[in-house]
K.L.:
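This is the structure, below, for whatever I ask next.
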Amino acid sequence: MKIEDLKKDIEKLGFPIKIEIKNKNELYVDIDKDDVKKILETMFKKYKLYFSGQFCLQDKDFIINVILTDRKNGYLIILRYKTENEIVSLQGIANQSNLFEREISDLFGLEIADGEDKRNIVKHEIWENGIHPLRKDFLYGQRVKDLCETEEYKFKEVITDGGFQIPVGPVHAGIIEPGHFRFSVIGELIENLEIRLMYKHRGIEKICENVDLNKLNLIFERVAGESSAAYGEAFAQLIEKISDFKVCESIMALRVILLELERIYNFLDDIAGICVDVGFSYPAKKFGYMSELIHQLCERITGSRFLRNAIIPYGSNIDFTEIQREDVVKTIDIVEKRFNEIVEMTLNTVSFLDRVEHTGIVEKAIAKELNMTGVVARASGIQYDVRKSFPYEVYRQLKKSINFEEIGGVFERYNVKIAEIRDAFKYIKTSLTLIKGDVEKKKQWIDIESGKEGFAVVETVKGELIVFARTGENNKMDRVYFKTPSFTNWNGLTYAVLGEIVPDFPLCNKSFNMSYSENDR
C-alpha cells in the first residue's frame, strides 16, 4: 500500500485524528491520548507495521511520538498524542516498549501509566532526585549532581535452590565501556542474564539543541565512534530531506564507499574477536591486520581513521581524485584476496567450528519479539536491511538481496558478517564506476527555518538507526532523537546465553558486539 493510500485508509477508521504526509515517506497522525492503544493495535493487525520506538517532544504540553515502519514500502508512520504528565504504556502491545517508556520517564519526568516495568533506566543510584535532563527548563551546561538520591535498581532474583548470581561490571578488568551483567547460574548453566547499561549519560540530545547546524555533524559522529560515517550519513540525510535537496550521483556513490569501508573494518574486528574468544589466534591476528589496512586507507582518503567529518550535507568535505580511486582499488584487492583465504581456514578447522556451531542461539520468534535489527537479526532469519527497505544514496542500484541465516547462533552471525564484508568489496567497486571524474570538496552553508522536521533511517554496523530532528530558532535544533540499534539489540544477548556456560558468554557477546556508547548518548 502506498503512503497516500494508507493516509486515506486511516482517515476512514473513524478515530478523531489529524493526518499529514511530510518529506514524501513520513506520515504524521495526531491522535487522542485515550485512543492510543486501539489505534496501535489496528496498525499492527490491519497494516502489519513494525514498532520501532517512541520518544517525547516538549512544547506547551509533552507530545509522545510512537514510531512505526512499513519495511515493504519504505515509509514511517508517527502516532502523536499530547499529555501533561503521563505516558500511555504500550507494554504488552508493542515489543520492548518498556525501554522507551522508562527512558522518557527518566529524561522528561513523566509517569508510566499501567506499565509493568517502571524501573529507572537512565537514572542510576548516584543521581539527584527531581532532575530530568531533556526538559526545556534543564539548562544547557547544567550538570546532574552526585547526591545518591535515586532508589536502588531491582534486579531479578534467583529463587531456585542451588542457584547463585555472578555480578560483572560496570567496571571491567579490560578496556571496555561501563555495563553491568548479572548472571543467574544453576550449576554451570546460565539460567538468566540481566544487562544494565547507561552508566555514562552524555547528554548528546541536549547538546544537539545548542550547537549550530553547521557544526552538528561533529556531534552526530560521536554518538558511536565505530559508526561515525553512518551517523554522519544520518545527519546529511536529515538536512537534505527537510531541505528537499539532492546531491549528484558521484557524491552519493562516494558516501557509499565510505559507509562500506566502515562496515569492512568493523566486521573484520568482529570476526577477529570471535576467533580470539575461541583461542584461534592466527586468523584473529590476520583479520585484525586487514582491519588496520582499511583504517589506514580511510585516513589516507579522508584524514581520519574513522572517516569523521567527510560526509556532510549538500556536498563532500573531502576531495576524491584518481589517486584516491586507485588507492581504494589496490587496497581492497589486497585485503579481499587474503580475507577469502583466512575465512576458508576458519571454516575448515574442526576445533573452531566445534565452539561456534549451535552456540548462543536466538530463535527467529524471539528476535522478532525483541525488534532486533542488523546482522544479529538477519542471522536469526529476519530479512530486513535498511539499505533495501529504505534505500538511500545509490543503494537502490546496489542492494538487490539480503544476507541472512536461519539458526541464529554465533556461527550464523559470523557467516553473515563475512557475507557483509564480501558485499562491501563489491559495492565499493561498483560505486567507483558511478563516480564521474574527480569529486571536489564542497561545503555549503546550512540555514533552515524553524519548525521543519523529519526522519533519517540508516543501516549502521549494529543495525537500524532512526534519527528524528525538528529545527528551532537561531539555526539550531529544537529536538534531536536517536533510536540506536544497540538500544533494543542488547536484550537479544540475554536470550543467546540461556543454557550456555558462563565461559561462553564472551563468545556470544563478541558475536553481537553491541555498542555501549549508543545507550550512553
Side-chain angles (χ1 to χ4, degrees), residues 175 177 200 202-205 207-208 210-240 247 250-270 290-321 323-325 327-328 331-332 392-393 424 427-428 431 435 439-446 456 458-463 465 467 469 477 480 482 484-486 513 515-521:
I175 301 174
E177 294 172 87
K200 295 288 185 181
R202 294 177 288 162
I204 285 182
E205 291 177 5
I207 294 172
C208 287
N210 293 274
V211 174
D212 188 277
L213 293 178
N214 291 281
K215 297 179 181 179
L216 197 51
N217 69 301
L218 302 176
I219 305 298
F220 269 61
E221 291 173 344
R222 281 153 179 81
V223 174
E226 81 287 331
S227 300
S228 292
Y231 277 83
E233 168 66 26
F235 181 69
Q237 192 181 125
L238 267 175
I239 297 299
E240 290 167 2
V247 296
S250 291
I251 289 177
M252 289 193 286
L254 176 57
R255 289 175 178 177
V256 167
I257 290 169
L258 301 181
L259 291 166
E260 293 299 317
L261 286 173
E262 182 171 77
R263 296 179 73 79
I264 292 173
Y265 73 66
N266 271 284
F267 290 141
L268 282 169
D269 287 338
D270 286 0
M290 294 175 210
S291 173
E292 174 60 23
L293 292 179
I294 299 298
H295 274 297
Q296 291 176 6
L297 172 64
C298 293
E299 186 169 22
R300 289 195 299 271
I301 62 177
T302 70
S304 167
R305 290 170 57 84
F306 294 94
L307 302 163
R308 287 178 176 159
N309 204 21
I311 298 176
I312 59 170
Y314 305 147
S316 170
N317 206 30
I318 60 170
D319 292 314
F320 192 79
T321 67
I323 294 174
Q324 281 79 34
R325 184 196 302 266
D327 193 2
V328 170
T331 305
I332 291 299
Y392 49 96
E393 310 304 357
Y427 295 162
I428 289 171
S431 296
I435 298 177
V439 176
E440 295 182 0
K441 179 177 178 179
K442 184 179 180 182
K443 199 169 185 178
Q444 185 172 321
W445 187 256
I446 305 170
V458 175
E459 180 77 18
T460 79
V461 293
K462 309 303 183 189
L465 168 67
V467 186
M477 289 296 186
V480 173
F482 296 93
T484 67
S486 298
N513 202 25
S515 169
Y516 295 83
S517 65
E518 285 189 333
N519 286 52
D520 287 333
R521 67 190 190 283

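Owing to the predicted nature of the structure, the values given are computational and were not obtained by experimental measurement.
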K.L.:
Working to the nearest 0.5 Å, report the span between CD1 of Ile446 and CD1 of Ile312.
P.N.:
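Rounded to the nearest 0.5 Å, the CD1-CD1 separation comes out at 7.5 Å.
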K.L.:
Please assess Ser517 against Ser515 for the test side-chain hydrogen bond (donor to acceptor under 3.5 Å, both in side chains), listing each intermediate value before the final yes or no.
P.N.:
CA-CA 6 Å; Ser517 65; Ser515 169; 3.1 Å; yes
K.L.:
Considering all heavy atoms of both residues, which atom of Val223 and which atom of Arg521 are nearest to each other, and what is their separation?
P.N.:
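Answer, listing the atom of Val223 first, then Arg521: CG1-CB, 4.2 Å.
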K.L.:
Could you give the distance from CZ (Arg222) to OH (Tyr231), rounded to the nearest 0.5 Å?
P.N.:
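Answer rounded to 0.5 Å: 14.0 Å.
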K.L.:
Does Phe267 have Arg263 sitting over its ring (NZ/CZ under 6.0 Å from centre, angle to axis within 45°)?
P.N.:
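The answer is no, since Arg263 fails at least one limit relative to Phe267.
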K.L.:
So, Thr302 and Ser304: side-chain donor and acceptor under 3.5 Å apart, yes or no?
P.N.:
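No - no donor-acceptor pair under 3.5 Å links their side chains.
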K.L.:
Show the nearest heavy-atom pair for residues Thr331 and Leu293, with the distance to one decimal.
P.N.:
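What the structure gives for the nearest pair is CG2-O, 4.1 Å.
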K.L.:
Leu238 and Val480: side-chain contact (heavy atoms from CB on, under 4.5 Å), yes or no, with the steps?
P.N.:
CA-CA 11 Å; Leu238 267 175; Val480 173; 5.7 Å; no
K.L.:
With Arg255 as reference, evaluate Glu393, Glu260, Gln237 under the side chain to side chain donor-acceptor pair (under 3.5 Å) test and give the passing residue.
P.N.:
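That would be Glu393; it is the only one of Glu393, Glu260, Gln237 passing the side chain to side chain donor-acceptor pair (under 3.5 Å) with Arg255.
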K.L.:
Has Lys441 got a side-chain atom pairing as donor or acceptor with Gly315's backbone, closer than 3.5 angstrom?
P.N.:
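Judged by distance alone, no pair lies under 3.5 Å.
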K.L.:
Closer than 3.5 angstrom, by distance alone: can the side chain of Glu262 be matched with the main-chain N or O of Val461 as a donor-acceptor pair?
P.N.:
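A pair under 3.5 Å: no.
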K.L.:
To the nearest 0.5 angstrom, please state how far the SG atom of Cys298 sits from the CG atom of Leu261.
P.N.:
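Between Cys298 SG and Leu261 CG, I get 4.5 Å after rounding to 0.5 Å.
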K.L.:
Just wondering, do Val328 and Phe320 contact through their side chains at under 4.5 Å, heavy atoms?
P.N.:
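Yes. Closest side-chain heavy atoms under 4.5 Å.
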K.L.:
Roughly how far, to the nearest 0.5 Å, is the CG atom of Leu258 from the CD1 atom of Ile311?
P.N.:
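Ile311 CD1 to Leu258 CG: 5.0 Å, rounded to 0.5 Å.
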K.L.:
If you look at every heavy atom in Gln324 and Ile301, which pair is closest and at what distance?
P.N.:
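Here Gln324 and Ile301 meet closest at CG-CG2, 3.7 Å.
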K.L.:
Could you work out, with salt bridge (Lys or Arg N to Asp or Glu O under 4.0 Å) as the rule, every residue matching Glu292, not counting sequence neighbours?
P.N.:
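Glu292 satisfies salt bridge (Lys or Arg N to Asp or Glu O under 4.0 Å) with Arg305 once adjacent residues are dropped.
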K.L.:
If the condition is ring-ring contact (aromatic ring centres under 6.0 Å, His included), which residues does Phe220 pass it with, not counting sequence neighbours?
P.N.:
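ring-ring contact (aromatic ring centres under 6.0 Å, His included) list for Phe220, sorted by chain: Phe235, Phe482.
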K.L.:
Between Glu177 and Arg202, does any NZ, NE, NH1 or NH2 come within less than 4.0 Å of an OD or OE carboxylate oxygen?
P.N.:
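No, this pair does not count.
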K.L.:
Write down the atom of Val439, the atom of Ser250, and the distance for their closest heavy-atom approach.
P.N.:
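Minimum heavy-atom separation between Val439 and Ser250: CG2-CB, 4.1 Å.
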K.L.:
Say whether, by atom type as modelled, one donor and one acceptor occur between the side chain of Asn214 and the main chain of Trp445 under 3.5 angstrom.
P.N.:
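Checked: no pair found.
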K.L.:
Please say whether more than 12 non-hydrogen atoms of neighbouring residues, nucleotides or ligands are located less than 6.0 Å from CD in Gln444.
P.N.:
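Check passes, neighbour count above 12.
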K.L.:
Checking the side chain of Glu240 only, and the main-chain atoms of Tyr314 only, is there a donor and an acceptor separated by less than 3.5 Å?
P.N.:
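Flag set: sc Glu240 to bb Tyr314 pair under 3.5 Å.
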K.L.:
Is a donor on one side and an acceptor on the other found under 3.5 Å between the side chain of Asn317 and the backbone of Asn309?
P.N.:
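Yes, Asn317 side chain to Asn309 backbone: donor-acceptor pair under 3.5 Å.
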K.L.:
Suppose we screen for salt bridge (Lys or Arg N to Asp or Glu O under 4.0 Å). Which residues come up paired with Glu518, at least two apart in sequence or across chains?
P.N.:
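For Glu518 there are no salt bridge (Lys or Arg N to Asp or Glu O under 4.0 Å) partners, ignoring immediate neighbours.
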K.L.:
side-chain contact (heavy atoms from CB on, under 4.5 Å) between Ile294 and Ile332: does it pass, once the steps are laid out?
P.N.:
CA-CA 8 Å; Ile294 299 298; Ile332 291 299; 4.2 Å; yes
K.L.:
Which heavy atom of Ser228 sits nearest to which heavy atom of Gly225, and what is that distance?
P.N.:
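Scanning both residues, the minimum pair turns out to be OG-O, 2.8 Å.
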K.L.:
With side chains defined as the heavy atoms from C-beta onward, is the minimum distance between Asn519 and Lys200 less than 4.5 Å?
P.N.:
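The answer is no; the side chains never approach within 4.5 Å.
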K.L.:
So which heavy atom on Ala424 is nearest to which on Ile264, and how close?
P.N.:
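Here Ala424 and Ile264 meet closest at CB-CG1, 3.4 Å.
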K.L.:
Is the side chain of Tyr392 donor-acceptor paired with the backbone N or O of Ala234 at a distance under 3.5 Å, no angle test?
P.N.:
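Not a single qualifying donor-acceptor pair exists.
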K.L.:
Hey, mind stepping through Thr484 and Thr460 against side-chain contact (heavy atoms from CB on, under 4.5 Å) and telling me if it holds?
P.N.:
CA-CA 9 Å; Thr484 67; Thr460 79; over 6 Å; no
